[in-house]
Amino acid sequence: MAEFLNGWKRSHHCGVPCESELGQDLTLMGWVDGKRNLGGLIFAYLRDRSGMMQVVFDESRNDRATFEKAEGIRSEFVLAVKGVLARRAPEAINPDVATGAFELLVSDFKILAVSETPPFMIDDDSETNEMLRMQYRYLDLRRPVMQRILALRHRIAKVARDYYDAQGFYEIETPILGRSTPEGARDYLVPSRVYPGQFYALPQSPQQFKQLLMLSGFDRYFQIAKCFRDEDLRADRQPEFTQIDCEMSFVEDEEDVMAVHEGFMAELFRKIKGIEIPLPLPRMKYAEAMARYGSDKPDTRFGLELVDVSDIMGSTEAQFLKDAIAAGGSVRAINAVGSADKLSRKEIDKLVEFVKTYRAKGMSWMTVTADGVKSTLAKFMTEAQIASLLERVGAKANDTVFFVCDADDEVVFAALGALRLELAKRFDLIDPDRFDLLWVTEFPLFEYDAEDGRYYAKHHPFTSPKLEDLDKLESDPASVRAKAYDMVLNGYELGGGSIRISNQELQKRMFRALGFTDESAAERFGYFLRAFQYGAPPHGGIAFGLDRIVMLMAGTNNIRDVIAFPKTQNASDLLTQAPNAVDDAQLAELGICIDKRGTE
RNA sequence: GGCCCGGUAGCUCAGCUGGUUAGAGCGCUAGCCUGUCACGCUAGAGGUCGUGGGUUCGAGCCCCAUCCGGGUCGCCA
């Protein structure tokens with residue numbers, strides 16, 4: 001049934017022909033996108049990645065064999081079509097299609113491939129279950145919206161290559177098969193056949209290699225790099241993802257690095273969105289981001305900022321608040337302006353349950369009316385305390401104020417940060433056309449892990465501390481700030497980086513602060529530390545999440561939509577059925593013995 | 001590992017307090033139709049109700065277990 005092209009050459013893509021091709025003989029190729037058979041006249045759209053063109057088969061014009069063949073075409077058949085491009089009558093123009101004023105009057109055509117009826121509609125309007133879309137990803141990708149997103153992804157990668165090339169960065173590949181590093185995310189491991197019982201690790205990022213490239217004198221490096229992390233997934237997290245990874249030499253100040261890379265973001269928005277982003281971008285210190293937004297990746301497109309009310313609430317009769325503050329915590333509030341008449345008691349209770357998922361023990365609230373306040377806290381407070389509280393958070397009639405208190409500030413921030421986003425979603429406070437870009441700077445260098453009873457590097461152990469905080473490295477590690485920066489867009493972390501430690505003495509102090517002995521540091525990072533003995537230039541860098549950039553520019557909040565062949569939340573590939581069991585001979589070759597009794 | 005939501009025709013869904021033969025729209029198949037574009041009209045096919053067990057005179061609906069997909073907390077230097 002299917003025919004060969006037999007010398008036919010495509011003259012145009014389907015979405016391209018316009019005024020200038022009118023009256024010409026064209027040859028188009030593509031997929032049948034719906035057929036309308038009116039009897040002696042058959043219409044269909046032919047679709048390719050550029051768009052669609054209506055093709056017309058006419059019993060009075062076509063010979064009988066051609067017309068009868070046209071009656072047999074079905075959705076998703078692949079056709080090659082020859083015909084004359086004609087203008088449609090004004091009343092027959094389809095304003096919803098880019099080529100809607102034209103049509104191809106078919107003289108001859110070939111069926112290049114037939115198709116089964118697809119399991120779901122190939123269009124942008126149908127809301128098909130994502131499981132099915134992933135099983136038939138090659139069909140899902142035919143949908144115009146998916147074609148647009150992957151084209152966008154290509155153009156973003158192209159802008160990155162052009163921009164960094166123009167800035168003097170070399171694109172250099174680094175290994176996929178590498179060495180497992182103990183700290184950080186869980187590694188994907190690949191067994192070695194040659195060394196039974198030993199493993200390669202897939203890179204979580206090219207971090208150490210790019211720093212070595214700086215030592216090698218390449219001065220500026222970038223790479224569009226696949227990275228792998230064997231951790232649980234989220235709507236914006238996949239086990240394999242792509243970074244635009246950069247590193248540059250002879251910089252010691254964060255500003256030197258940030259200036260180059262905010263230029264990239266501005267270029268992206270200019271070329272992709274036609275939006276001018278004023279530079280420099282706003283900078284916000286980590287401490288401010290946490291205090292105002294309860295997040296190190298604040299969405300600054302709306303208000304509902306956090307307010308510290310510890311001093312006022314600590315002076316009330318509410319013992320549970322006083323205890324938390326005395327234990328080093330705080331009471332903070334969000335004023336949900338104008339929400340009192342929109343939030344029922346039941347909905348407020350739901351919000352209380354919501355913040356509990358962020359480890360908050362509870363949440364108090366206060367609704368303000370013209371007659372006064374109604375609150376779970378009012379019984380603990382004097383009139384004057386209520387008045388100063390309302391003034392502090394700027395509350396007026398019809399506002400609801402929410403309070404979270406905990407002995408651990410992190411819990412307060414996490415709960416109110418999440419509540420803030422939830423309220424914005426609920427009351428539709430976010431302008432979807434707005435792009436708020438900023439840098440978050442001065443991150444803490446360390447993170448204390450209560451379970452392990454030690455400090456961990458918040459970024460990684462090669463991140464440089466702020467030089468002015470050096471004297472606190474041993475005495476007060478929690479207050480040491482890092483030369484680290486994150487780029488944030490609309491509440492998403494788009495990328496992050498740091499100035500690295502290039503000074504050997506400082507690196508040794510850093511390892512000691514992290515609880516490594518000289519021996520254990522050498523054991524884990526020996527080759528890397530040795531490299532720094534041979535002349536390391538000061539350097540720093542950044543890595544952007546390409547998937548997240550595409551996601552935000554495409555206007556989706558699902559990372560799977562911007563990856564051609566994504567994985568499910570359980571890290572499986574529904575199309576290829578990966579991962580899969582392998583036969584015993586293959587395992588034997590790798591020296592791997594799997595105990596199958598436990599797995600049944 | 002925890003919590004939450006979902007799984008009924010090819011697709012999207014409805015299915016009441018457990019009660020007759022499980023429905024609708026789209027799609028599909030066949031016929032008619034020369035300006036359609038969500039074509040129209042007529043007729044038709046199409047169901048392990050995710051899977052296994054249980055309760056019951058009777059289960060799509062209730063209970064238990066399990067699989068799959070999604071969201072989220074932990075996790076993600």
Side-chain angles (χ1 to χ4, degrees), chain A residues 33-45 52-62 67 71 74-76 86 88-97 99-100 103 105 116-123 125-136 139 181-187 204-205 207-208 227-239 241 350 353-360 411 414-415 418 421-422 443-447 449 451 455-463 482 484 493 496 498 514 524-525 545 557-558 560 567-570 572 574 600:
Chain A
D33 194 285
K35 183 184 73 164
R36 295 168 298 283
N37 186 343
L38 276 63
L41 193 62
I42 297 169
F43 297 97
Y45 277 104
M52 304 197 296
M53 174 63 73
Q54 177 162 276
V55 295
V56 188
F57 305 90
D58 191 333
E59 195 172 28
S60 64
R61 189 163 37 75
N62 296 126
F67 193 78
E71 286 178 320
R74 295 288 182 272
S75 288
E76 303 308 316
R88 296 196 207 176
E91 65 275 13
I93 288 174
N94 183 349
D96 299 329
V97 176
T99 61
E103 60 192 6
L105 306 177
E116 300 278 315
T117 302
F120 54 86
M121 302 274 275
I122 313 290
D123 62 34
D125 304 324
S126 307
E127 300 225 343
T128 306
N129 185 309
E130 208 180 343
M131 203 193 319
L132 196 70
R133 288 174 51 202
M134 287 196 276
Q135 265 162 28
Y136 294 91
L139 296 181
T181 49
E183 297 211 15
R186 193 176 295 115
D187 285 321
Q204 298 174 25
S205 87
Q207 183 62 36
Q208 294 186 9
C227 304
F228 307 83
R229 291 177 191 176
D230 189 4
E231 296 291 346
D232 286 351
L233 309 185
R234 287 289 184 277
D236 63 349
R237 257 165 36 193
Q238 281 274 298
F241 58 101
K350 270 194 179 165
E353 289 308 307
F354 173 80
V355 298
K356 282 184 183 171
T357 65
Y358 295 86
R359 288 185 298 146
V411 172
L421 296 175
E422 176 64 22
F443 279 79
L445 185 66
F446 299 108
E447 219 166 18
D449 186 311
E451 232 169 77
Y455 285 96
Y456 281 93
K458 195 173 169 76
H459 200 52
H460 55 64
F462 313 111
T463 299
E493 180 195 333
S498 64
L514 287 167
R524 295 184 174 195
F525 305 109
N557 50 19
N558 177 350
R560 296 178 298 277
K567 294 197 169 46
T568 69
Q569 195 167 71
N570 292 323
S572 69
L574 295 179
E600 307 252 358

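A quick note: this is a predicted structure, and the numbers were derived from the prediction, not measured. Only heavy atoms go into these numbers, but all of them, side chains included; no hydrogens, no water, no symmetry mates. Sequence lines set the chain letters: A, B, ... in the order given, protein chains first and strands last, and positions in each chain run from 1.
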**Student:** Could you tell me the Watson-Crick or G-U partner of B:C61, where both distances fall under 3.5 Å? Say none if there is no partner.
**Tutor:** none

**Student:** Contact class for A:Arg234 (heavy atom, under 4.0 Å): base, sugar-phosphate, or nothing?
**Tutor:**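 Base contact - A:Arg234 has a heavy atom under 4.0 Å of at least one base atom.
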
**Student:** Pick base, sugar-phosphate or nothing for A:Leu233, based on heavy-atom distances below 4.0 Å to the nucleic acid.
**Tutor:**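 Touches nothing.
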
**Student:** Considering only atom C1', compute the distance from B:C75 to B:C3 and round it to an integer number of Å.
**Tutor:**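 One C1' to the other, the span is 15 Å.
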
**Student:** Checking all strands, does A:Gln54 fall into the base, sugar-phosphate, or nothing category for heavy-atom contacts under 4.0 angstrom?
**Tutor:**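 Base, at least one base atom sits under 4.0 Å.
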
**Student:** Under 4.0 Å, counting only non-hydrogen atoms across every strand here, what does A:Ser60 touch: a base, just sugar-phosphate, or nothing?
**Tutor:**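 If one applies the 4.0 Å heavy-atom cut-off, A:Ser60 turns out to touch a base.
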
**Student:** Over all strands shown, is A:Asp230 touching base, sugar-phosphate only, or nothing at heavy-atom distances under 4.0 angstrom?
**Tutor:** nothing

**Student:** Distance between the P atoms of B:U36 and B:A24, in whole angstroms?
**Tutor:** 30 Å

**Student:** For the P atoms, the ones on B:U29 and on B:U20, what distance do you get once it is rounded to whole angstrom?
**Tutor:**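 Each nucleotide's P atom is 34 Å from the other's.
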
**Student:** On a whole-Å scale, what distance lies between the P atoms belonging to B:U66 and B:C4?
**Tutor:** 14 Å

**Student:** Before giving the answer on ring pair (Phe, Tyr, Trp, His ring centres under 6.0 Å), spell out for A:Phe43 and A:Phe57 the whole-Å C-alpha distance, their side-chain angles and the decisive distance to 0.1 Å.
**Tutor:** CA-CA 6 Å; A:Phe43 297 97; A:Phe57 305 90; 9.5 Å; no

**Student:** Using a heavy-atom cut-off of under 4.0 Å over every strand shown, decide if A:Arg74 touches base, sugar-phosphate, or nothing.
**Tutor:**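 Sugar-phosphate only.
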
**Student:** Just name whichever nucleotide pairs with B:G47, Watson-Crick or G-U, keeping both distances under 3.5 Å, else none.
**Tutor:** none

**Student:** Do A:Gln54 and A:Asn94 get their side chains close enough for a donor-acceptor pair, meaning under 3.5 Å?
**Tutor:**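 Checked: A:Gln54/A:Asn94 side chains show no N/O donor-acceptor pair below 3.5 Å.
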
**Student:** Between A:Arg359 and A:Val411 (side chain of the first, backbone of the second, donor and acceptor by atom type, cut-off under 3.5 Å), is there such a pair?
**Tutor:** no

**Student:** Using a heavy-atom cut-off of 4.0 Å across all strands, would you classify A:Glu127 as base, sugar-phosphate, or nothing?
**Tutor:** sugar-phosphate

**Student:** C1' atom, B:A43 versus B:G6: distance in rounded Å?
**Tutor:** 36 Å

**Student:** First and last nucleotide of RNA chain B touching chain A, 5' to 3', heavy-atom cut-off 4.0 Å?
**Tutor:**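 On RNA chain B, the outermost contacted nucleotides are B:G1 to B:A77.
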
**Student:** With a 4.0 Å cut-off on heavy atoms, is A:Glu493 in touch with a base, just the backbone sugar-phosphate, or nothing at all?
**Tutor:** nothing

**Student:** Please name the nucleotide paired to B:G69 by Watson-Crick or G-U wobble geometry with both distances under 3.5 Å, or report none.
**Tutor:**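 Answer to the pairing question: B:C5, which forms a Watson-Crick or G-U pair with B:G69.
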
**Student:** Tell me what A:Asn129 touches on the nucleic acid: a base, only sugar-phosphate, or nothing, going by heavy atoms under 4.0 Å.
**Tutor:** sugar-phosphate

**Student:** Counting any heavy atom closer than 4.0 Å, what does A:Phe43 reach on the DNA or RNA strands: base, sugar-phosphate only, or nothing?
**Tutor:** base

**Student:** Within the structure shown, what part of the strands sits under 4.0 Å from A:Ile42 by heavy-atom distance: base, sugar-phosphate, or nothing?
**Tutor:** nothing

**Student:** Within a strict 4.5 Å, meaning less than it, do heavy atoms of the A:Leu105 and A:Arg61 side chains meet?
**Tutor:**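 Result yes, sub-4.5 Å side-chain heavy-atom pair found.
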
**Student:** Would you mind pulling out the nucleotide paired to B:C41, Watson-Crick or G-U wobble, both distances under 3.5 Å?
**Tutor:**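 Checking every strand shown, B:C41 finds its partner in B:G31, with both distances under 3.5 Å.
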
**Student:** Base, sugar-phosphate alone, or nothing: which one does A:Ala92 contact when heavy atoms must sit under 4.0 Å apart?
**Tutor:**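 Contact class for A:Ala92: base.
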
**Student:** Between A:Glu353 and A:Lys356, does at least one N-O distance fall below 4.0 Å, as a salt bridge requires?
**Tutor:**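 Salt bridge: yes.
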
**Student:** How far, in whole Å, is B:G15 from B:G52 if one measures between their C1' atoms?
**Tutor:** 24 Å

**Student:** Step by step, work out the side chain to side chain donor-acceptor pair (under 3.5 Å) result for A:Asn570 and A:Thr568.
**Tutor:** CA-CA 5 Å; A:Asn570 292 323; A:Thr568 69; 5.0 Å; no

**Student:** Please measure how far the P atom in B:G7 lies from the corresponding atom in B:U51, and state the result in whole Å.
**Tutor:**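 Those two atoms are separated by 13 Å.
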
**Student:** Once you apply a heavy-atom cut-off of 4.0 Å, does A:Ser126 come out as touching a base, just sugar-phosphate, or nothing?
**Tutor:** nothing

**Student:** How far does the C1' atom of B:A9 sit from the matching atom of B:G60, given to the nearest Å?
**Tutor:**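 Here B:A9 and B:G60 have their C1' atoms 14 Å from each other.
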
**Student:** Any base atoms under 4.0 Å from A:Tyr45, or only sugar-phosphate, or nothing? Heavy atoms, all strands.
**Tutor:**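 The residue A:Tyr45 makes base contact.
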
**Student:** Does the structure show a Watson-Crick or G-U wobble partner for B:U17, both distances under 3.5 Å? Name it, or say none.
**Tutor:** none

**Student:** Scan every strand shown for a Watson-Crick or G-U wobble partner of B:A24, both distances under 3.5 Å, and answer none if you come up empty.
**Tutor:**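 Its partner is B:U12.
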
**Student:** Counting only heavy atoms not in A:Phe228, do more than 12 sit closer than 6.0 Å to its CZ atom?
**Tutor:**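 Atom CZ in A:Phe228 is crowded, with more than 12 foreign heavy atoms closer than 6.0 Å.
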
**Student:** For A:Leu139, which of A:Ile122, A:Leu132, A:Thr128 qualifies under side chain to side chain contact (heavy atoms under 4.5 Å, CB included)?
**Tutor:**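 The passing option is A:Ile122.
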
